[in-house]
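Since the structure comes first, as structure tokens, the remarks are kept for the end.
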2 protein chains.
Amino acid sequence: MIRVLVAEDQSAVRAGLVLILRSAPDIEVVGEAGDGEQAVALARELRPDLVLMDVQMPRLDGVSATRQVVGEGLADVLVLTTFDLDEYVFGALRAGAAGFLLKNTDAKDLIASVRTVARGEGIVAPAVTRRLIAEFAAKPARRATADPAVLDSLTRREREVLSCVGEGLSNADIAARLDMAEATVKTHVSRLLGKLELRSRVQAAVLAQELGL
Amino acid sequence: MIRVLVAEDQSAVRAGLVLILRSAPDIEVVGEAGDGEQAVALARELRPDLVLMDVQMPRLDGVSATRQVVGEGLADVLVLTTFDLDEYVFGALRAGAAGFLLKNTDAKDLIASVRTVARGEGIVAPAVTRRLIAEFAAKPARRATADPAVLDSLTRREREVLSCVGEGLSNADIAARLDMAEATVKTHVSRLLGKLELRSRVQAAVLAQELGL
DNA sequence: CCTGGACTGCATCTTTCGATGTACCGCGAG
DNA sequence: CTCGCGGTACATCGAAAGATGCAGTCCAGG
């Protein structure tokens with residue numbers, strides 16, 4: 001039995017969703033929320049397998065609520081919205097949603113999608129999949145030079161310093177943040193440059209960028 | 001009528017796919033290819049609406065063939081494979097595929113997917129959608145600071161220098177590459193730092209990275 | 001115990017960077 | 001014409017970054 005929490009502010013729409021979900025024998029609607037905060041609270045309390053989350057909601061929007069629910073590991077989230085704005089789609093997916101559907105999805109597909117997400121898989125409405133792919137392809141591929149393995153040769157302190165360098169901080173800035181003498185920062189920079197076979201902090205910064213700091 | 005080209009090296013599998021597609025009244029299989037090169041050639045000749053492309057193929061692999069077909073704007077490509085390796089998935093999507101399915105997809109879903117892609121939408125097998133979302137979310141969102149518009153305030157020479165800085169080059173390196181005195185490079189660096197409100201070449205390098213050089 | 005290695009820390013010295021002042025060229029407005 | 005302006009170019013000088021040598025700490029093995 002898949003335990004679902006429905007979060008949607010418009011009660012009529014919410015009732016429709018619940019009706020659809022109840023028609024599936026293997027799905028149980030364990031709770032309903034009328035805003036984002038309530039959704040997060042109920043997710044904490046009820047521990048559903050999945051939250052069906054609307055994007056536009058009062059008090060706490062669906063994207064933020066998704067971030068919290070997923071961040072706390074409470075449940076998978078399937079986001080639902082009327083408008084397939086890039087802002088919603090990408091925001092929801094970055095927030096950790098396992099799926100993204102439009103409200104014009106028919107009952108059969110909605111139920112199938114809930115089952116898919118409950119299986120630990122993902123589902124994205126075809127209408128937005130193209131844009132997701134395009135957005136994905138637009139991002140530069142992780143280069144061979146950006147192999148996270150090279151970080152293994154660095155010590156904890158060196159990694160911390162590298163991270164700061166990646167933010168564009170000066171040695172003095174780093175010294176202040178990590179509470180050490182500027183001279184010490186220079187030592188670490190010098191060492192990590194050597195280990196990574198780089199010739200300046202600029203290259204280190206670029207590398208840090210590619211590695212996502 | 002959706003005109004489809006099937007590219008798959010194993011003839012038994014290909015026959016199966018063709019059989020499935022022919023069972024749909026609105027789908028017409030206009031050609032079959034046994035390797036990647038043939039797939040590209042037939043796509044040029046037949047101009048199908050969609051190419052159903054296997055990844056593993058002799059002579060030219062499916063990903064490369066996809067890149068060519070999409071690059072020339074010949075048709076949409078729906079990639080099909082047995083193994084959902086990240087390398088295949090991400091490679092195919094970067095190559096411009098409109099969809100990615102696994103071979104365990106049943107006949108009904110395959111036909112539905114073909115129709116979806118033919119409508120100009122996208123489709124990704126649920127089993128890989130999660131990883132696609134995760135990979136997507138892992139990439140840093142385009143920051144507000146990485147607004148290409150800021151480049152407008154720079155002169156041609158300054159942009160060239162910025163690009164070099166982004167590669168991690170020293171002033172001396174840049175002077176050599178752009179054939180000017182090191183002192184001049186410093187001038188340009190100094191100016192662009194001012195215009196972009198940055199405090200060091202390191203930040204400039206990071207910015208250049210975000211802008212894709 | 002003590003010894004060697006890995007990590008962290010600081011001080012000194014050279015190189016590089018960046019700010020600043022100045023100069024030349026091309027071009028359009030007055 | 002000539003004046004002003006934007007782009008490009010170079011030299012000088014104080015401030016940073018980077019290389020190098022060395023000391024203290026912690027820990028694993030002998």
Side-chain angles (χ1 to χ4, degrees), chain A residues 143 145-213, chain B residues 143 145-213:
Chain A
R143 301 200 202 154
T145 59
D147 181 1
V150 300
L151 289 180
D152 294 348
S153 64
L154 300 183
T155 67
R156 166 186 314 281
R157 215 60 170 152
E158 286 163 355
R159 271 193 293 272
E160 288 174 1
V161 171
L162 173 58
S163 166
C164 291
V165 170
E167 290 180 46
L169 301 181
S170 70
N171 288 336
D173 294 336
I174 299 173
R177 181 184 294 190
L178 299 184
D179 192 34
M180 63 173 94
E182 187 180 335
T184 306
V185 177
K186 292 183 180 180
T187 304
H188 290 305
V189 171
S190 199
R191 280 215 219 300
L192 70 86
L193 288 180
K195 287 184 182 177
L196 301 178
E197 296 179 359
L198 303 174
R199 287 196 340 280
S200 80
R201 72 196 291 106
V202 180
Q203 298 183 347
V206 170
L207 182 68
Q209 277 298 110
E210 290 177 349
L211 292 172
L213 294 178
Chain B
R143 300 203 205 150
T145 58
D147 181 359
V150 299
L151 289 180
D152 294 348
S153 64
L154 301 183
T155 67
R156 166 187 314 280
R157 216 57 170 154
E158 286 163 355
R159 270 192 294 272
E160 288 174 359
V161 171
L162 173 59
S163 166
C164 291
V165 169
E167 290 180 45
L169 300 180
S170 70
N171 289 335
D173 293 336
I174 299 172
R177 180 184 294 190
L178 299 184
D179 193 32
M180 61 173 100
E182 187 179 332
T184 306
V185 177
K186 291 182 181 181
T187 303
H188 291 306
V189 170
S190 198
R191 278 173 139 64
L192 70 87
L193 288 180
K195 288 183 181 177
L196 301 179
E197 296 181 359
L198 303 174
R199 289 198 329 285
S200 78
R201 71 198 289 107
V202 179
Q203 298 182 348
V206 171
L207 182 69
Q209 278 299 109
E210 289 176 352
L211 293 172
L213 294 177

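In the text below, chain A, chain B and the rest are named by the order of the sequence lines, each starting its count at 1. Remember, it's a predicted structure, so these values are computed and weren't measured experimentally.
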Rounded to the nearest Å, what distance is computed from the CD1 atom of residue A:Ile174 to the C1' atom of nucleotide D:dG18?
13 Å
Provide, to the nearest angstrom, the distance between the CG atom belonging to B:Leu192 and the P atom belonging to D:dA9.
14 Å
Roughly, in whole Å, what's the span from CD in A:Glu197 to P in D:dA19?
13 Å
Would you please confirm or rule out a distance under 4.0 Å between OP1 or OP2 of D:dC10 and any side-chain N or O of B:Thr184?
yes
For the pair made of CZ in A:Arg156 and P in D:dC26, what is the distance, rounded to whole Å?
16 Å
If the sugar-phosphate is the primed atoms plus P, OP1 and OP2 and the base is the rest, what is the B/S/- string for nucleotides 12-29 of chain C, using protein heavy atoms under 4.0 Å?
-----BBBB---------
Side chain B:Glu158, main chain B:Thr155, donor-acceptor under 3.5 Å:
yes
Between CE of A:Met180 and C1' of C:dA11 the distance, given in whole Å, is 16 Å
Does a side-chain N or O of B:Thr155 approach OP1 or OP2 of D:dT8 to a distance below 4.0 Å, or not?
yes
Below 4.0 angstrom, N of the basic side chain to O of the carboxylate: do A:Arg199 and B:Asp173 qualify?
yes
Distance test, side-chain N/O of B:His188 to OP1/OP2 of D:dT8, below 4.0 Å
no
Specify the closest pair of heavy atoms between B:Ile174 and B:Cys164, including all atoms of both residues, with the distance to one decimal.
CG1-CB, 3.5 Å
For the pair made of CG in A:Leu154 and C1' in C:dA6, what is the distance, rounded to whole Å?
14 Å
Tell me, please, which residues at least two apart from B:Thr184 pass side-chain hydrogen bond (donor to acceptor under 3.5 Å, both in side chains).
none
So which atom in B:Gln209 and which in B:Gly166 form the shortest heavy-atom distance, rounded to 0.1 Å?
OE1-O, 3.6 Å
If you take all heavy atoms of A:Leu151 and A:Arg159, which pair is closest and at what distance?
O-NH1, 2.9 Å
